Each structure stands twice: as C-alpha cells, then as structure tokens.
Amino acid sequence: MNKSVWLMHRFRKNNFINSWRLGIGLMTARERKMMFSLFFFVLAVGSIEMIAVYSVAPFFKFILSGGDMGGVPEVLDNFLKNKSETTLIWIYAGVPAFLLLFSFLSSVAMSWVVLRFGIGRWQRISRDIVSLVQNVDSGWHSKVNASEVVRTFFQDTQYFARDFVIFTLTSLADIVVIIVLMFLLFFTLPWQGIVFFILIGAAIVFVVAISRPRLTAYSEVGREMANEMNVKYGELLRGYKDIRYSLKPQWFDRSIDSTVLTASQTHMKLNLWGKVPPQFINFLSQFSLLTIVLIMYGAGMPLAEIAASIAILGIVASRALPVANRLAVNLGKYWQVHPFLLGLTELQEELLSCQIESNGSNAPSCRDMAWNSVALKLDNFSIAGANRASLRNIDIKLEKGGLFGLVGPSGGGKTSLIDVLMALSNTSPSAVSLDGIQLSELDISSYRGCISYVPQTPFLIDGSILQNIALGVPEADVDMDLVRECIEKSGLVEVVDSLPEGIHASVGDFGGRFSGGQRQRVAIARALYKKPKMLLLDEATSALDGKMEDAMRVLFEDLSRDLIVFLVSHRYKVLENAKEIFVLDHGEVIEQGSYRDLISANGAFWRMISLGDEESQLPQEEVNEKDI
C-alpha cells in the first residue's frame, strides 16, 4: 500500500488529531522546526501580555481599598511604605502602562511573524505543487478534472496556510494566555478564579462537542459543492454554444442553480455553527461573573473587597473572553479544515507517485549536445488510467536533416507517442535516447528545454501577441529582432500590421480574439523563438488555409536542415517531401517510408488518403499511376 492510500485510510476520519497530523504532514522538516521555535516565541509573548494585563489589578485594588493594599510582599512593602499617595498612584499606574505598551508591541511583532510564516507556507506548498504538476506523467492529466484541481490549488492551499498553520500558532498563544491567567488567579483569587475558568472551560468543551459534528458535515459538503461549482462554471464558459443549442438548455441553468443553492445554504449553516461557541461563551462569562458576586456576598465578604475582586476579574475577563472566543472558533476550524487538508495531502501524494524520474542538474545537459538523432524504442506501454491506445514494438529514429511525419487514425496512439518523445511519461527516461545516450543518463529538464511543441489547439495566455511569442521572457529581455523574424516566418505579418496596437495587441482569453489559424501561427512563432533543437508539431496546420499551409510546409522543410522536425498530421500534403513517414495504428507502426514509397506500397497509408478523400492532394503523376 503506497503512502497516499495509507494516508487516505489512516487520516480520513475527521477529528482534531487527524487534522493535526495531516497539517503537520504537509510541512517540511525545516518548517516543523521553525514552527516549534515559533511556539516558544508565542509562549513568551503570551506570558508577557498576561503579566501586563494582570499588572493593572494592584492599581484598581489600591484605589478601591482606599490605599490599603494588604498582603504585599515585605520587600515591596518596605519600598512603598514611605511613598506619598500620589507617588504610589503613579507607580501603580506607570508600571502597567509600560508593560501594556511593551506587550502591545510584542503582540504586533508576534502577529507579523506568524502571518509571515503562514504566508510563506502557502507560497512554498503552492510552488511545490506547481513543480510536481510540471513533471508529472501525462497519464495523470488525462484522468483528472482540471477545474477540481484548480480549486484545490486555490482553496486547499489557503486553508492549509490560514486555517491550520496560522490558527495553530494563534491557538497556542491563546492556550498560553488561558494557562497564565489561571495560574495568576489561582494565587490571587483561588476559588473565584477556579470557578470562573471552570465555567469558561466547560462552556468551550460543551459548545465544541455540540458544533463539531455539524462543522464536520457542512465543511465536507461545502468542499464538494465548491468542486462542483468550479466544474460547472468551467463547462459553461468553455461550452456555452453547445449548451445553449442543446435540446433543453435550461437543464444546465437548473443544475448550476441547484448547486449554488446547496452551497449557499451549507455556507450559511457553517457560519451559524461557527458563531455559536463565541456567543455562548459571552453569555456564560457574564452569567458566571454575576454568580461569583452572589457567592462572595453570601459568604459575608465586605463590599469593598468584593468590588476589588470583581475589578480584577473584570480586567482578566476583558482579555480572557476574546481569547476564549477565538480559541473556541479556532478549535472548530480543525474540523472544518480537515477535508481540505485531506484533499491537499491526497493530491500531493498522487502527484509524487506519478513523477517522472530525473537525475536533475547533476546529469549532463542536453543543450550542448549535437542533436543529430533522437530515438524512441519500447516494447509495450500504456498511459496509466487513460483510455488511450497502448504503444507496442515501437522503434523509430528521427534525424537532423530531414522532415519526419507521423500519421494514423484517431485513437491510434499518436498523442501517447508524442508524450513519450517529449519526456512527459514515466517510460521516457528508459525509452528515449539522444545521440545514442539514454535519457535516464541526461538532465531531462534540459532535454525539454531544447524542444518546441505546437499542438492542434495551442495554449495562449490572456496577453499580447508579444507576450505569447516570447512566453515567460521578461519584456526587457525580449529579442525584438528575433520576434519580428518569427512573426515573418509564421505568416503573422499581415495580422500584426492590421492591428492598431501591433504586436502589443491582446489575443484575449485562450486567444479568443483570434481565429484558429491565427492562434496556430502565434504558437508556431513561439516555437521558433525558442530556437529549439527538435520541433514537434501535432496537427499544427489543421486550421490553416491551403496557401498558408503550403508556406508552413516550406518553412518546416527548411528548418529540418538544422534541427529535427517531427510532424503529426491528417493533412498528408504537408508530408510530401518528408524523409520518412511512420504510420501508427492501434499503437504499432504498421508502415514506414517516404511519401512516394508508401503510396507505391498501396497499403494503409494509401487507404487513409483514399478514405480521407485527399487524392487530389497527391502529386499528379502518382494519381495517374494509380488510375492506370
């Protein structure tokens, strides 16, 4: 049983201990040490704050008792007995004022350190997950719902940093405050303090016991509804045309409305039960003070002494009640945060289990290699968890100096083969070799850095043409001459010149302001800007018109003299001058050879062209020969 499955079974039950274990498990060893060190800082600040708050008590007792402190230690009594009343008032007021100011500054510093630590954990875990996703086996992407994963990135990481890390340290500070207050009151007002805090403690335990199962249930439902809303809103934005013109488009509206209704009601109930503990504690604290006064009066205590005792308790309560309220809320957060910690843990462990092995920067870099050839050889391979064709008996070699093509029916395994070739699969390190050296012996990151990839539906950010071509490059570092050269080669000059903003014009969300062909040309320009050693084109000309496709074919053939060009296409005309074409069907290369050789063989390649009604795209002499 792997670690993720073990965690799922071990910590799935929602309780305080499991939430703590999941949260601590998401932290690195260094972070746990830092958190342990912060605990002592929080402990010191909490103790200082309570001493400062309690230092006000002697001042009130001095005023209410008419100057008779009583019970003052002999050393302190000797120091104060010859002082005037005015001096004593200044001493009793000045010392607490100084301590309160120092306590305030210490608390602000503590809050800043705790928040900075929490935000740092948010950044770190987000950075780690992004890194894991970029090196995960491509099969993982094919089996997850992107909207749910995005919600996990956005929400679960926040809950980890905010509702676990920060609230844990805050709760520790609150517990310290309560303990110090109990200690001080025990020696000052023994039984009254004990009664007061027993009631407060009992209230916290009582309301947590009542609210815990409800917080647990509503937080789990809330997370499920958040996932569902992300998925549905994503579907709405991506498929609004299909939804609007479906047989009954109202079904989607009702589906979203039902989800939002459930989510909003759950959020309302979650907030309601989250507010019950502090409100109940406020009520009980006020009631307990009234009860203590009646008990002291019934015991025959003088009114002046009762007033002094209540003043002290009031001072303590003014600090203890907010602490007790916050502590009750924070303890409840452990049950609310559990589903999010569990989801984040499972995602992280799943990503770790699907990582592509790499020797890292210690291995030789691929950037300085000749890139004369890239070979792919494997006996049997299937994408884990994906409904895609297995690859079998693959043995292909791509060389610099010629254009290579890959064709085959949909579902034949072309995408899986490209994924392996791009080092996006767990089998890549053992199956791919560069210039005769297996990829497992090289730095995979540098290998990927030498490859440009243009898919059928390219990814464009919501930015300018320039930003999409020089993707990831700071604007100050962009080589504008190279950008213009790439724009010219990709046939974008006319498009850019027609826009008032030129290369600074926005392409819109997912390139929505451009046509499919224009988006493909932007992606081709981006691929050229990278100055790759190998160029992989997966149906990269499918949206281009005949004239532009011919121009791109000439460009790819020209590029193949200096780098490896591998083109996947159903538009067979672009492969007329390919050095070698691989015909893939059901995961196997069933034919390979030049365009003319495959036509002459009258095999699978010819049948695909015939069925695709692309005979008109063949060289005229080939058509005549076939007719004869």
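Keep in mind the model is a prediction, meaning the values are calculated, not measured. Below, each value reflects all heavy atoms present in this structure, side chains not excepted, and no hydrogens, waters or symmetry copies.
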> With sequence neighbours left out, what residues match Arg448 under salt bridge (Lys or Arg N to Asp or Glu O under 4.0 Å)?
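Checked Arg448 against salt bridge (Lys or Arg N to Asp or Glu O under 4.0 Å); zero matches.
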> Are Phe605 and Tyr572 an aromatic pair by the rule of ring centers under 6.0 Å?
yes
> Around atom CD of Glu488, are there more than 12 heavy atoms of other residues, nucleotides or ligands at under 6.0 Å?
no
> For the backbone of Trp371 and the side chain of Asp435, can you confirm whether one donor and one acceptor N or O come within less than 3.5 Å of each other?
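Answer holds: yes.
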> With a sphere of 6.0 Å drawn around CZ of Arg116, does it hold more than 12 non-hydrogen atoms of other residues, nucleotides or ligands?
no
> Hey, is Arg484 close enough to Asp481 for a salt bridge, meaning N to O under 4.0 Å?
yes
> Mark yes when over 12 heavy atoms from residues, nucleotides or ligands other than Glu357 sit less than 6.0 Å from its CD; otherwise mark no.
no
> Which value, rounded to the nearest 0.5 Å, describes the distance between Ile129 atom CD1 and Thr152 atom OG1?
8.0 Å
> Does Tyr159 have any ring-ring contact (aromatic ring centres under 6.0 Å, His included) partners at least two apart in sequence or in another chain, and if so, which?
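Per chain and number, Tyr159 pairs via ring-ring contact (aromatic ring centres under 6.0 Å, His included) with Phe340.
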> Does any part of the side chain of Tyr453, heavy atoms only, come nearer than 4.5 Å to the side chain of Leu421, both counted from C-beta?
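SC-SC contact between Leu421 and Tyr453 ruled out.
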> Under the salt bridge (Lys or Arg N to Asp or Glu O under 4.0 Å) test, which residues partner Glu557, sequence neighbours left out?
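Residues passing salt bridge (Lys or Arg N to Asp or Glu O under 4.0 Å) with Glu557: Arg553.
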> When you measure from the side chain of Glu441 to the backbone N and O of Ala363, does any donor-acceptor pair fall under 3.5 Å?
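Looks like no, no N/O pair under 3.5 Å.
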> Evaluate the criterion side chain to side chain donor-acceptor pair (under 3.5 Å) for residue pair Asp597 and Ser594; output intermediate values, then yes/no.
CA-CA 5 Å; Asp597 290 342; Ser594 68; 3.0 Å; yes
> Give a yes or no answer on whether the side chain of Asn372 reaches the backbone of Glu399 with a donor-acceptor pair at less than 3.5 Å.
no
> Rounded to the nearest 0.5 Å, how far apart are OG of Ser138 and CG of Asn426?
8.5 Å
> Please determine whether a side-chain nitrogen of the Lys or Arg among Lys414 and Asp538 lies less than 4.0 Å from a carboxylate oxygen of the Asp or Glu.
no
> Donor-acceptor check, side chain of Asp379 to backbone of Asn393, threshold 3.5 angstrom: yes or no?
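Flag not set: sc Asp379 to bb Asn393 has no pair under 3.5 Å.
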> Taking 4.0 angstrom as the limit, do Lys573 and Glu549 come out as a salt bridge?
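Here Lys573 does not pair with Glu549 in a salt bridge, since their nearest N and O are not under 4.0 Å apart.
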> Look at atom CD of Glu501 and say whether more than 12 heavy atoms of other residues, nucleotides or ligands are closer to it than 6.0 Å.
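Yes.
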> Please determine whether a side-chain nitrogen of the Lys or Arg among Lys489 and Glu485 lies less than 4.0 Å from a carboxylate oxygen of the Asp or Glu.
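Yes, charged N to carboxylate O under 4.0 Å.
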